[in-house]
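First the structure, in the form of structure tokens, and then the observations on it.
Below, read A as the first sequence line, B as the second, and so on, with proteins coming before strands; counting in each chain starts at 1. The analysis underlying the following values was restricted to heavy atoms, covering all of them including side chains, and did not include hydrogens, waters or symmetry mates.
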Amino acid sequence: MQTIDSDPPIHFIQNIIAEDLKTGKYDGRVHTRFPPEPNGYLHIGHAKSICLNFGLASRYSGKCNLRFDDTNPSKEAEEYVRAIEEDVRWLGFDWDDRLYYASENFDQLYEFAVRLIKKGKAYVDALSPEQIRAYRGTLSEPGRDSPHRDKSVEENLDLFQRMRVGEFAEGEKVLRAKIDMASGNLNLRDPVMYRILKSPHHRTGDKWCIYPMYDFTHGQSDSLERITHSLCTLEFEDHRPLYDWFLNELNIYRPQQIEFARLNLNYTVLSKRKLLQLVEEKHVSGWSDPRMPTLSGMRRRGYPPEAIRDFCERVGVSKSNSTVDFALLEHCVRDNLNRTALRAMVVVRPLKVVIENYPEDHAEELTAENNPEDSTAGSRKIFFSRTLYIERDDFMENPPAKFFRLVPGKEVRLKYAYIIKCERVIKDENTGDVIELRCTYDPETKSGHSHASRKVKGTLHWLATTHAEPVEVRLYDHLFRNENPTADEKEYPDLQSSLNPDSLESIRGAFMEPFLKTAASGDRFQFLRMGYFCVDNESSAPGAPVFNRTVTLRDTWAKIAKKSPRRR
RNA sequence: UGGGGCGUCGUCAAGUGGCUAAGACACAGGAUUUUGAUUCCUGCAUUCGGAGGUUCGAGUCCUCCCGCCCCAGCCA
């Protein structure tokens, strides 16, 4: 179990719990739960709920259960159960032996239903789904009672029993609560409690052909688990009176439901339907595509779980619908990685440089820091030679003002090595493309030497051609081109048109420091001046890592360059 | 036009009638820097959706108005 970092901000739910603790409302207990439906993968929005529920339990020395709300076998699968468990654990939380399934309560729920029938509070309806909808009325008009509403208890008991043994077809009958067809709250207009579903369940197999609705399951499951604070999202606010009605009629333990606003993030979508669509229409490689806001996608992208927890803490908890800036998440990721990631030099788009006054066949050993932010991280050896690679973007023949990288006739420092000067530019005769730079170095400026005090404006990362290994790197960007992918229906009528065509750039011609060959799946690094990268856990092979860019470094130059567009 | 919620800085978000309306991200300047990174300073709401009212005093209380979100699955 993770420990709560520093001082988590206070929010309204904490205030409620603190008050309940003071008044002894639940004998000092705090017991929460995270209740996903196993019909999809967990995303960053779920992370907020997970951190809230597990975090609160941990903070108040309480408990938090993991419960699968698996009441709809036609949509749920074991695959999702496993993925969800893995993601919650990866995020850093542990439910000990408190793993539950709503389906474990099916017998109990059936008994609850029978109890309500006996009290005259539930009845079997034979209306079709269309008729039920018509009878329900509208937002501004009351509904009408079903003609089957006033059958006798005996008849309802008999019918419900026959539903259970499979005498009726799907859709032929349902069990409904008898509440109030004129209620302003639609949830109270005789909601369906049980429906016939002739599909096998991933946990209970063929035992049942009737399944309880979520609304008839969730509140009672919380009750049976003795949950004290049942946290859920805003849209369930109008379901609360219904849950309370069931609990009250059944006369069983009543947890306190508290609603909070779900997380929204710009430049992405967080609805299961849309995420599923991205996967099914193959706009991404799967649920764990590094561009997906799923926890498995973020894990593969290289986001540390600590950073996600930090983010969830920083976004706060309230009741107002809000959209958090993706930049906050990226800030949390950089903040963590800056402290923890080992540095390395990787040239993503290489440009060859020959140091004309450096001896041939000479390789010089230099020292590089593994992490300047961590004095215990140590250092490593890197090699310098007559031919080098530098980043193509670090050279400009006709630079704009304030460009302080390499330019013809000017100097620049190579990190941990020497100051070099660009003497000549060699171009391809046909295309005019720059293909090589001829430079000279100043032997007096070796890194670490006292005469190395001469200052130059720019410092570049580089690799000796003799000590560079080819590598594939994948550069990721936002999956969507606009802040709110679902807002502008005119400009972006469908998901497809709102996708960012440049969200993935795969580069095979990059070079890395040789030690990176042994990097293990999931290892994270800062490639100097390029960003944070993580060894892809799906396409890397032993000795041949593929790197995913987690996030770029903050880039002040890119901002300046963007403001005053210039040719290369 | 029914019911339930929400409106405090570009984005989140504290604030529970009384010192100058926290903090974070973003943004803008500046310092340090062999990563244009990091770090460090500085700036960034005379005003809390609007209008009235109560009060010595209101973002906080009252009234009216405006705007936004959710609900008419045998989904969760």
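Between A:K319 and A:E237 there is a salt bridge, with a side-chain nitrogen of the basic residue lying less than 4.0 Å from a carboxylate oxygen of the acidic one. Under the 4.0 Å criterion applied to side-chain N and carboxylate O atoms, A:E167 and A:K173 are not assigned as salt-bridge partners.
Remark: the separation of the C1' atoms in B:C66 and B:G49 is 7 Å, to the nearest Å. Nucleotides B:G67 and B:A76 are separated by 30 Å at their C1' atoms, to the nearest Å.
Not a single donor-acceptor contact under 3.5 angstrom links the side-chain atoms of A:R529 to the base of B:G36. Judged by atom type and distance alone, A:R334 does not reach the base of B:U38 through any side-chain donor-acceptor pair under 3.5 Å. For A:R413 and B:U34, a side-chain-to-base donor-acceptor distance below 3.5 Å is present, hydrogens and geometry of angles not being considered. For B:U34, the base has a donor-acceptor partner in the side chain of A:S447 [N/O atoms by modelled type, under 3.5 angstrom]. With hydrogens and angles left out, the side chain of A:D238 and the base of B:G3 share a donor-acceptor pair within 3.5 Å.
The distance between atom CD1 of A:I560 and atom C1' of B:A37, rounded to the nearest whole Å, is 14 Å. Between A:M193 atom CE and B:G73 atom P there is a gap of 19 Å when expressed in whole angstrom units.
Note that CD1 of A:I17 and CG of A:L56 are 3.5 Å apart. Values are rounded to the nearest 0.5 Å.
Stacking of A:R144 on the aromatic ring of A:Y135 is recorded, both the 6.0 Å distance cut-off and the 45° axial limit being met.
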